[in-house]
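Right, one structure below, let's go through it.
FYI, the numbering just counts along the sequence from 1.
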Amino acid sequence: METTKTQLKGFLNKCREVRNCKFIMATTKIKDLLKAIVNSADLYELFNTVAANFDYVAAKQTCFVEAEGGYGNSKLVLPDTIGDRLAFIFCLLVEFDRNDINFNAFLQKYYPKDGSYYASYQLFCDEIIGSLEVIICDIYAEELSEGEHPEALPVPAKQAQLPPAGTQKPTAKAPGAKIAASVNTVCMFIESEKESVEDSDLGDEEKEAARTILESLSAAVRAGDAQNIKALICGYNYLVMSTEFVSDTLSALFESLGDLVGSL
């Protein structure tokens with residue numbers, strides 16, 4: 001069984017893969033990074049905690065600084081506190097993974113440089129992925145060896161400098177913020193389950209049945225349809241029992257679905 005240290009190292013390796021990959025592979029590597037969060041109990045708990053009290057919709061209105069006409073001097077400004085910054089980066093990456101935000105258009109708008117996707121992508125990685133690495137290494141400093149801290153990473157000083165811990169006090173948020181965080185989490189687990197199905201030894205008909213249920217479940221989750229979610233959970237549970245296929249994240253998927261239904 002993997003230790004916390006092993007999982008953290010795996011997560012940091014995924015961060016480096018995002019930073020070092022070719023631009024064309026960016027969204028695939030972002031998906032792998034999100035899976036590393038889901039597969040680590042400590043990281044999952046951390047991100048779920050910071051996202052639960054975070055109003056991402058309101059944060060986007062502040063963090064996405066629009067230039068006149070929508071392009072030119074538009075920029076992204078990360079939240080000041082550690083908790084909000086982690087939550088914002090997490091939710092942003094989930095939107096890229098789900099294609100709710102087109103990654104190419106995002107880079108052109110908020111990280112324009114020399115008209116080159118490659119240069120824009122490097123700026124994005126330095127700021128967003130670099131900040132993520134530095135914060136995680138700071139939080140889990142005791143669990144990681146000295147060599148794991150990305151001291152040489154080209155993170156802008158204003159981003160690498162962590163906000164004072166005292167500014168990280170939780171504040172009351174709208175009920176919708178917690179639901180939005182739960183939806184993001186459930187959708188991540190569903191995508192992970194889809195990949196597990198595709199990699200499994202199930203027959204073609206069984207895979208197709210699983211895909212259909214999971215896609216319908218994803219749509220019901222995004223629509224907030226509690227009754228349909230319950231029905232689809234029963235359907236997928238029956239499929240699992242009949243095929244005896246149990247993925248590594250199945251229990252976490254069902255648990256997160258139960259939490260979401262309870263909040264709707």
Side-chain angles (χ1 to χ4, degrees), residues 30-60 86-88 90-101 170 172-264:
I30 287 173
K31 181 185 291 289
D32 291 343
L33 177 60
L34 291 171
K35 286 179 65 177
I37 294 173
V38 170
N39 292 330
S40 168
D42 287 272
L43 288 175
Y44 171 70
E45 182 179 0
L46 171 66
F47 281 94
N48 194 48
T49 298
V50 296
N53 291 315
F54 181 68
D55 191 340
Y56 179 55
V57 175
K60 286 202 291 186
L86 275 179
F88 181 84
F90 171 72
C91 292
L92 182 64
L93 295 179
V94 168
E95 288 210 292
F96 293 146
D97 179 47
R98 287 162 40 179
N99 203 31
D100 291 339
I101 296 179
K173 301 290 183 182
K178 185 172 183 179
I179 294 176
S182 296
V183 168
N184 285 339
T185 300
V186 170
C187 285
M188 270 206 328
F189 279 127
I190 291 175
E191 291 304 313
S192 179
E193 186 70 13
K194 286 181 182 179
E195 293 186 6
S196 295
V197 168
E198 295 303 324
D199 293 338
S200 72
D201 294 328
L202 291 173
D204 291 341
E205 291 185 4
E206 293 169 332
K207 285 186 177 181
E208 182 59 31
R211 285 190 212 104
T212 300
I213 294 174
L214 290 171
E215 288 171 4
S216 298
L217 184 57
S218 180
V221 165
R222 296 185 189 191
D225 187 343
Q227 291 301 318
N228 200 15
I229 292 173
K230 291 178 182 178
L232 290 164
I233 290 174
C234 290
Y236 196 69
N237 189 49
Y238 176 78
L239 184 145
V240 168
M241 292 175 62
S242 62
T243 62
E244 298 184 354
F245 167 70
V246 180
S247 69
D248 292 338
T249 56
L250 181 64
S251 61
L253 170 60
F254 281 158
E255 182 179 349
S256 64
L257 282 166
D259 291 342
L260 176 60
V261 170
S263 65
L264 292 175

* Around Asn99, counting heavy atoms of other residues, nucleotides and ligands shown, do more than 12 lie under 6.0 Å from its CG? ->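 Result for CG/Asn99: enclosed.
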* Summary of salt bridge (charged side-chain N to carboxylate O under 4.0 Å, His left out) pairs that have at least one residue in residues 227-238, sequence neighbours excluded -> none
Just jot down the side-chain contact (heavy atoms from CB on, under 4.5 Å) partners of [X], sequence neighbours excluded, or say none.
| X | result |
| --- | --- |
| Asn237 | Met241, Phe254 |
| Glu45 | Thr49 |
| Ser196 | Phe245, Ser247 |
| Lys60 | Tyr56, Phe64, Phe88, Glu95 |

Determine the minimum heavy-atom distance between [X] and [Y], stating which atoms define it.
| X | Y | value |
| --- | --- | --- |
| Val50 | Phe47 | CG2-O, 3.3 Å |
| Leu214 | Ile190 | O-CG2, 3.7 Å |
| Cys187 | Val221 | SG-CG1, 4.2 Å |

* To do: Kindly state each residue pair satisfying ring-ring contact (aromatic ring centres under 6.0 Å, His included) with at least one member in residues 185-239, sequence neighbours excluded.
  =>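 Found Tyr44-Phe189.
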* To do: Sorted by first residue and then second, give each ring-ring contact (aromatic ring centres under 6.0 Å, His included) pair with at least one member in residues 199-222; sequence neighbours left out.
  => none
Got a sec, which residues hit side-chain hydrogen bond (donor to acceptor under 3.5 Å, both in side chains) with [X], two or more places apart in sequence or on another chain?
| X | answer |
| --- | --- |
| Asn228 | none |
| Ser218 | none |
| Glu215 | none |
| Asp248 | none |

Side-chain donor-acceptor pairs of residues 204-212 under 3.5 Å, sequence neighbours excluded:
from   : atom 1 : to     : atom 2 : distance (Å)
Glu206 : OE1    : Gly203 : N      : 3.0
Lys207 : NZ     : Glu198 : O      : 3.0
Lys207 : NZ     : Ser200 : O      : 3.4
Glu208 : OE1    : Arg211 : NH1    : 2.6
Arg211 : NE     : Glu198 : OE2    : 2.5
Arg211 : NH2    : Glu198 : OE1    : 3.4
Arg211 : NH2    : Glu198 : OE2    : 3.4
Thr212 : OG1    : Glu208 : O      : 2.9

So how far is it from [X] [atom1] to [Y] [atom2], rounded to the nearest 0.5 Å?
| X | Y | atom1 | atom2 | answer |
| --- | --- | --- | --- | --- |
| Arg222 | Arg98 | CZ | CZ | 4.5 Å |
| Asp225 | Leu217 | CG | CG | 10.5 Å |
| Leu93 | Ile101 | CG | CD1 | 10.0 Å |

* Asked: So, the side chain of Ser263 versus the backbone of Leu260: is there a donor-acceptor pair under 3.5 Å, distance only?
  -> yes
* To do: Show your working on side-chain contact (heavy atoms from CB on, under 4.5 Å) between Asp97 and Leu33 and close with a plain yes or no.
  => CA-CA 10 Å; Asp97 179 47; Leu33 177 60; over 6 Å; no
* Would Ile37 and Leu46 satisfy side-chain contact (heavy atoms from CB on, under 4.5 Å), going step by step from the backbone distance to the final call? -> CA-CA 9 Å; Ile37 294 173; Leu46 171 66; over 6 Å; no
* To do: Would you check, one step at a time, whether the test side-chain contact (heavy atoms from CB on, under 4.5 Å) holds for Val38 with Glu191?
  => CA-CA 11 Å; Val38 170; Glu191 291 304 313; over 6 Å; no
